[in-house]
Every structure is written in structure tokens, then in C-alpha cells.
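Read the structure below first, then the notes.
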There are 2 protein chains.
Amino acid sequence: MANQSLDQVFAALADPTRRAIVMRLCAGEASVGELADPFDMALPSFLKHIHVLETSGLVQSEKSGRVRTCRLSPDALLGAEDWFQQQRAIWEARLDRFEAYVMKLKKEKERAAVKRPSRTTKRKGSE
Amino acid sequence: MANQSLDQVFAALADPTRRAIVMRLCAGEASVGELADPFDMALPSFLKHIHVLETSGLVQSEKSGRVRTCRLSPDALLGAEDWFQQQRAIWEARLDRFEAYVMKLKKEKERAAVKRPSRTTKRKGSE
DNA sequence: CGATTGGTTAGCCATGAAGCTAACTATAAG
DNA sequence: CTTATAGTTAGCTTCATGGCTAACCAATCG
């Protein structure tokens, strides 16, 4: 469910047109026509992008009269951002452990160097 | 250039298999075989995913002997995370402005209510 | 050397994504 | 009522993606 959503959010953001739309909507809501204006693209093609953004949950829209107004719905965006932050947390934890490991190795090497100087300490550093 | 890269990074992350690989690699490097093991997928299919991750810049790999070892290269990941943070910054700035605007409206309405009480104040709240 | 393991290449297929035009609906505007 | 505007639907083409099998290196192991 959340995975499904991540699939769709990332897929939606993989397209430069759609990223541009999201960026535009960050600055405030807009009608389909206003959104489509900067793009050299037929309206039906453009509408598909809007639809992709809607089904990904990144954008909501509502029609009043003959104009459809789109706004960003930031939840999906935040969800994706969370994913990055989780990965980064894991990554950084690992780096810390790795660094600690390297420091340990270094100290052991120093101690060994004191005990028996001049020996090409072979390091078996497979991760 | 950076846009091109964002395209590829987001496209890479739109696939659950590839996200799983990235998550796995956050915990440390691994060989192609180790990475492929949890997945019920033919090796050539799996290799394509690895390749997508490599061309997106998310993963680096190097072959020694007959085993190819993959590691995460966090730059692309951080680049994508930056994109989110920029959008969020813009979004939040807008929200602040919007809130200020609403507060202003509210105060004006209050002042108006004092001047001439009992009148259905029609709000022209477009944006 | 011969067999095994780990990865790779080539090529096929089905599906989906991204673009288009043409034609249609429905609300404003004159 | 008529026309223009804003969006929508249908249907087509083209190309990319994700999966497969079969066959092929190239290191290791026995």
C-alpha cells in the first residue's frame, strides 16, 4: 500500500514535465490551462500528466464550472522524502560503524607496530 | 544534466526491486549473486536492474575475479533528497504567506463586523 | 584438464508510457 | 441563440521497461 504509493510517486517524479508541474504547484494552485501554458504539448498529452500526478496522490483537483483547479497535496511528497531520510539514516549508521571499525583496525595496527616493528601487516578487511 | 540525472534516479527508484536493492546496499556492499538471491527472478532480468541503478548513478560496482561487488554511491541519493527539500521549502514559504494572508482577512473581517454588525460578509476567497 | 560457479550477452515477447489528432461536452460570453 | 473557451474522451503510433530462455565467457575448484 505504502509501497504501491512510493512506486507511483517516484514514477510520477521521473518525468521532467511532471516535476515542473509539481514545482509550479508548490507556488500555489492553478488551473489546467495555466499549468499547460508553458509546455509545448497538446492538451490531451498534458492532461495525462495531470492524471498521473493525481493517481500518485501528489496532486488533487476539483472542477467548478468549466475550469479544473489543481493543487499540491503534500502528503505523498512527504512520504517519499521520508523514504530518503530513512535510507540515509541506515547509511549513516553503517558509515559510523565502518569508521569505528577502521579506527579499531588502526589502533590494533599501531599496537602491533609497537610490539613487533617492521612487518608488512596483512589486513584481511573484507567489509 | 542534473535534471537528466533526477529523471534517472527517480525512474530507478520507481521499481520496488530496485528500491530493495538500494536498501540492501545501504547496509553494506554485496556481490551480484548475494543481491539477487532474495528475488525470484532470472539472473539476466536482475542484472538489468543493477544496470539501471548504475546508469542512474545510485550504485557503483567493480569486478574482481569473477565476482562483481556493488556498493551504493550516495551522491545521487542525496541529490534527489535535495530536490524534495527545495520543494518543501517553497511550499512552506507559500503556506506562511497564505497564513499571513488569511490572518489579514480575518482581522479586516473583524474590523468590518465592528463598523456594521449583522451583515453576511461575502468573502471573495479565491486563493 | 574438466566441471562448476558467477556473471554476461543476445534476442524474444508482452505490457505500459508518452506523444499525437480528431471529435465531443459543457460552461461562459456576446 | 451562437460562438468561443476549457477540458475531456477515444483511438492510434512509437518506444521503453521488465520479464524470460538459451547460449556464452572466464575464473575457480577437484
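Convention: sequence-line order gives letters A, B, ...; per-chain numbering from 1. Source: prediction; values computed, not measured.
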Completion exercise
Quick note, ring pair (Phe, Tyr, Trp, His ring centres under 6.0 Å) partners involving residues 47-72 of chain A, not counting sequence neighbours, are none
Exercise for the section: Would you give the length of the straight line joining atom CZ of A:Phe84 to atom CG of B:Leu13, rounded to the nearest 0.5 angstrom? Expected result: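 Nearest 0.5 Å value for the CZ-CG distance: 5.0 Å.
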Exercise for the section: Would you give the length of the straight line joining atom OG of B:Ser31 to atom CZ of B:Arg66, rounded to the nearest 0.5 angstrom? Expected result: 11.5 Å
Practice task
Considering only NZ, NE, NH1 and NH2 on the basic side and carboxylate oxygens on the acidic side, decide whether A:Arg88 and B:Glu81 come within less than 4.0 Å.
Solution key: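 Yes, this pair counts.
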Practice task
Examine B:Arg94 relative to B:Trp91 and say whether NZ or CZ is less than 6.0 Å from the centre of the six-membered ring and inside a 45° cone about the ring axis.
Solution key: yes
Handout entry: Below 4.0 Å: OP1/OP2 of D:dG18 and any side-chain N or O of B:Ser45
Key =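 Indeed not, no polar side-chain atom of B:Ser45 lies that close.
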Completion exercise
Given protein heavy atoms under 4.0 Å, the one-letter contact record of nucleotides 5-17 of chain D, with B base, S sugar-phosphate only and - none, is simply BSBBB--------
Between [X] ([atom1]) and [N] ([atom2]), how many Å, whole number?
X: B:Asp7; N: C:dA17; atom1: CG; atom2: P; answer: 16 Å
X: B:His51; N: C:dG7; atom1: NE2; atom2: P; answer: 16 Å
X: A:Phe46; N: C:dA18; atom1: CZ; atom2: P; answer: 13 Å
X: B:Ile50; N: C:dG6; atom1: CD1; atom2: P; answer: 15 Å
X: A:Met41; N: C:dT21; atom1: CE; atom2: C1'; answer: 15 Å

Exercise for the section: Under the side-chain contact (heavy atoms from CB on, under 4.5 Å) rule, collect the residues that match up with A:Arg24, sequence neighbours excluded. Expected result: A:Ala30, A:Leu35
